[in-house]
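Just below is one structure, and these are the notes that go with it.
Residue numbering restarts at 1 for every chain, and letters A, B, ... go by the order of the sequence lines. Here the structure is a predicted model, which is why all the values come from computation and not from measurement.
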Amino acid sequence: MKITVCIGSSCHLKGSRQVVEQLKELITAHGLEEDVELSGTFCMGKCEQGVSATLDDQQFSLSPENTKEFFEKNIRGVLAAK
Amino acid sequence: MNNLCADIGYRSLNKKGELLCGDSVEVTSQTDNSNSKIIVLADGLGSGVKASILSTLTARIIAKMMAEGLDIEDCVSTIAATLPVCSVRGVAYSTFTIIHLIDNEDAEIIQYDNPHVILLRQGKYVELPTTIMKIDGKEIYKSRVSLQKDDVFIAVSDGAIHAGVGKYLNFGWERDNIIEFSETFCQVGYTAKTLTTILLDKCNELYGNEPGDDTTVCVVKIRKREPMNLVIGPPQDPDDCSKMMSLFFSKEGKHIVCGGTTSMIAADFLRKKLIPLLEFPDPEIPPIARIDGVDLVTEGVITINKVLTYARDYLAENEDYAAWSFHRDGASQIARLLFEEATDINFYVGKAVNPAHQNPDLPINFSIKMRLVDELATCLRQMGKNIKLSYF
Ligand code: FES
């Protein structure tokens, strides 16, 4: 799986850093370094929905508050189902 | 013309309890030749308001007259005729030191009553050949040397050599002590501003943080020209992307790309990958990115805004130096490249209204970007850099 988080100006102001740091921690905490690749991108053209992110081809709108939930549901949940 | 240029830094400490500084420094370029610079340090008699007015007038008048190409004799007699006479002391003067850089090839140094200018060449003190001339009954010292790379000229007001009198030192921090002290660090590669700060901090320390006199340090460092190029913002007309990028990348010197969209355009142009890094060495500043062939890739407005804050501080108190001089975030890296390394900076500014920034909730927009660039250019000019702005 590949998560790409927007670190463009708008998203940065909306908390990209907290989102990225939480994801990094969650990935290591669950030992998922092999399964999940975390990367960054500049503006995805969806600033209003920031923090913009994609998980493979799916589009998400993250925030420091919903990151954990996103991780549990869309990453751990999906990985467990495999 | 040679490939030398001057890096100029100065700062003053006010006498304890005074709001105004009685020393003034004025830097100008000769009207018909921007490679010739005039630096005047004037020290007004006494302290406070009166001294401040005397020294400001002296520095301004000399700088202005010399910029227009007038002789030192004319400048001195004009000052003698113009300055108000001090009612207490019955004299009207302010001492002065003039460093006149001619075409970045020679320096002419003219001094009246200030501690003599110190020249460090390759880190070692060298005596300046000096002749004395008499103008209006005043003894004026004049020297001329041809410039070499890494020459450091240090001009100080007498507050510097009085630092520590009776407190930590018997006779103050004499000129020889200043020379000895400066020789130890002048070759490390610090900028004129940093050298100034180190010297002035030392004076302040010797005064026990309570300067007994206005104290000014002015450093002129001769260095090699170092061109630098920075592009920010996509061009107004998307068809101009490759024109803008090819002009930018064809320029000699390092290349800095600022802005998300701008870095995508740059990566496209170079046919290289754009890889944003996910590290946040400074939580306020978005991460930098990598593009093969580009020296530095950063986010746009937030980063430049921080660089501007650093630039303003650098020109004033220079307190943030400790942060940006070694931190790894984008703003600190730009600050080092622009403030320390570069002497000639070309800005390529794209005027496109970035759709990404039109979100009314966010404190960034197009006009802010243009203003940031303008203000940054102004600060850099005050640091003595040659700035060229091109808009697309
Ligand atoms: S900055 Fe993230 S979508 Fe625009």
CD on E299(B) to SG on C11(A), rounded to 0.5 Å: 11.0 Å

Contact check, side chains of H12(A) and F280(B), non-hydrogen atoms, under 4.5 Å: yes

L274(B) versus F42(A), closest heavy-atom pair with distance: CD2-CD1, 3.8 Å

F392(B) atom CZ, over 12 foreign heavy atoms within 6.0 Å: yes

Whether over 12 other heavy atoms sit under 6.0 Å from R290(B) CZ: no

Distance, nearest 0.5 Å, that separates CD1 of I288(B) from CD1 of I7(A): 9.5 Å

Per-residue contact mode, S263(B) against chain A (heavy atom under 4.5 angstrom): side chain

Residue pair S9(A) / G300(B): nearest heavy atoms and the distance that separates them: OG-N, 4.5 Å

Residue pair L278(B) / K24(A): nearest heavy atoms and the distance that separates them: O-NZ, 2.7 Å

CD (E341(B)) with more than 12 external heavy atoms under 6.0 Å: yes

Heavy-atom proximity to chain B below 4.5 Å, by part of E21(A): side chain

